[in-house]
Amino acid sequence: VCSQAAPKPRRNTAGTIATMGRSTILAALLFAPASAFLDGMQTTPLLNDVMRAKTTKPRPHLTGKDSESIRTTLNEQIRKANGGAAKECRDYTVAQLNEMLETFHAMRSEEVVSVYDKEDGRAARHLTVDTLVEENRLDAAYVADHPESHDAVRDSKCFEAAMQWVHHLSESARSEWHALTDATVPLLPNRGGAEMSADLRANGHDALADKSEEVVSCQTGHNAEAFEAGNWEGYPDWPDEITYKAKGYGPYPFWYAGSAASGDLTGAGADITTYWSGVQNSERLEHSTCTQSIGGTSGDACTHLFVDKWAALFGADESWCCWSSTPNLPNCWMSTVKRGFQDLFTYNGISDYTSESGLYSGQVKNYTMTLTSVPNFWFWYYTDLDDKPVEQGEGSCVMPRGCGGVKYMFHQYNQSAFEITDLTDTDKFTFPDVCLNTQETCTVSPTSLCDADGR
């Protein structure tokens with residue numbers, strides 16, 4: 001793992017050959033000026049790194065029902081992310097893992113690490129590299145005096161290294177690590193904290209047992225019982241995760257200053273494909289025709305992606321992007337529609353209905369809501385008599401179409417393409433690079449449309 005044989009250089013970063021032996025790399029990271037090496041090791045986090053750190057509940061594909069299933073699940077993800085660079089914990093020595101942990105400390109993103117509360121299982125145990133180096137020195141000395149403790153100490157450090165790899169390093173730093181010859185990542189060991197602790201205490205190593213339990217406690221964060229999913233009780237509430245197709249009418253996008261004031265309210269409508277996850281608090285709306293004035297050409301396709309309090313509008317070809325919401329912008333933040341949103345509406349009984357798109361004709365249940373902050377601003381939602389969605393929209397009144405005042409828009413659901421879908425492994429909720437590299441904004445205007453909480 002730590003071979004000092006001279007490998008063939010793979011790439012240069014900031015004038016540094018990225019295939020240096022790892023001991024040399026560690027020395028460079030710890031002692032060289034930033035211009036000499038750290039500029040090459042990209043420790044600056046991307047927006048996705050920070051957002052992931054702020055997510056306190058893992059997605060379902062990262063959970064398990066017990067310690068063994070959690071380890072199996074997480075190892076599958078480590079292998080998927082690292083390929084042949086993922087190695088069994090038993091293939092490392094304590095000395096090799098000590099060196100890896102010190103390197104990860106030097107490479108870690110302080111912006112990401114600072115997100116974690118001290119009670120969070122992902123929080124850094126060492127604020128400075130000096131305390132880490134001293135701990136590693138003491139561990140190595142202890143193992144030298146007590147060889148029977150080696151495997152338990154090694155296993156504990158594998159947990160620590162895997163956690164730091166995932167939760168402390170930025171995406172760019174992980175890429176740099178993989179660019180190094182023999183740069184590997186340990187899999188979680190085949191036993192958990194309880195097994196390690198029992199063995200250590202049986203041999204009188206109580207202090208090490210306490211430490212191993214602390215390190216391995218990060219598994220608790222991936223316990224399926226802590227993840228609120230699988231509680232869907234049927235329509236009109238939406239399932240946990242869905243994809244659907246619809247036809248859109250009116251202006252889109254419509255919320256920022258200078259955006260289009262009107263759009264076509266007749267005909268077949270514009271195609272919309274949507275991925276919605278209440279479990280992940282995310283939504284992606286892909287519009288075939290957009291009347292934006294920020295990037296691209298009006299009439300081109302665009303996508304609006306919501307992930308928690310973050311949202312961005314970008315071209316379908318990813319040639320442009322603007323942020324419609326972040327927690328740090330002064331304008332109110334936008335979020336995906338939440339499950340059970342119709343409970344905020346007033347139920348007005350059953351009405352006759354015929355869609356412009358031809359997707360539905362018949363009786364519908366009629367739900368409406370009006371804003372208190374803006375006069376004559378309405379939202380509506382129609383379902384069929386089985387409570388499945390037919391149409392939703394907003395404007396200065398519900399009917400007739402296009403009544404004056406504020407902007408008027410709606411979309412009509414294709415019920416044959418409204419499907420329960422497993423989105424746990426999707427990449428649809430990842431912001432593209434063009435968004436991560438821009439500060440362009442397209443936030444809600446006027447702010448009188450926001451509620452008291454700034455939404």
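Values below: every heavy atom of this structure, side chains too, minus hydrogens, waters and symmetry copies.
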Legend entry - Tyr382 six-ring centre to Lys365 NZ/CZ under 6.0 Å and within 45° of normal: no

Legend entry - Lys247 vs Glu356, salt bridge (Lys or Arg N to Asp or Glu O under 4.0 Å): CA-CA, chis, key distance, verdict: CA-CA 9 Å; Lys247 295 290 187 177; Glu356 286 79 358; over 6 Å; no

Legend entry - Electrostatic pair Glu391:Arg401 at N-O distance under 4.0 angstrom: yes

Inset, instruction - May I ask you to say whether Arg79 pairs ionically with Glu88, meaning some side-chain N is under 4.0 Å from a carboxylate O? - result: yes

Inset, instruction - Grab the two heavy atoms, one from Cys302 and one from Trp320, that are nearest each other, plus how far apart they are. - result: CB-CZ2, 4.2 Å

Legend entry - Thr441 and Thr443: CA distance, side-chain angles, deciding distance, side chain to side chain donor-acceptor pair (under 3.5 Å) verdict: CA-CA 6 Å; Thr441 62; Thr443 53; 4.9 Å; no

Legend entry - Side-chain donor or acceptor of Asp384 paired with backbone N/O of Asp386 under 3.5 Å: yes

Inset, instruction - May I ask you to say whether Lys245 pairs ionically with Asp271, meaning some side-chain N is under 4.0 Å from a carboxylate O? - result: no

Legend entry - Heavy-atom pair of closest approach, residues Ala173 and Met107: O-CE, 3.3 Å

Legend entry - Stepwise side chain to side chain donor-acceptor pair (under 3.5 Å) check, Ser324 with His304: CA-CA 9 Å; Ser324 53; His304 202 190; 2.8 Å; yes

Legend entry - Lys428, NZ atom: more than 12 neighbouring heavy atoms under 6.0 Å: yes

Legend entry - Carboxylate-amine/guanidinium proximity below 4.0 Å for Arg339 and Asp240: yes

Inset, instruction - Kindly indicate whether a cation-pi arrangement holds for Arg174 with Phe104, taking the cut-offs as under 6.0 Å to the six-membered ring centre and within 45° of the axis. - result: no

Inset, instruction - Could you label the plane-to-plane angle of the Tyr347 and Tyr367 rings as parallel, tilted or perpendicular, counting under 30° as parallel and over 60° as perpendicular? - result: tilted

Inset, instruction - Give me the ring orientation class for Phe345 and Tyr381: parallel if the planes are under 30° apart, tilted from 30 to 60°, perpendicular past 60°. - result: perpendicular

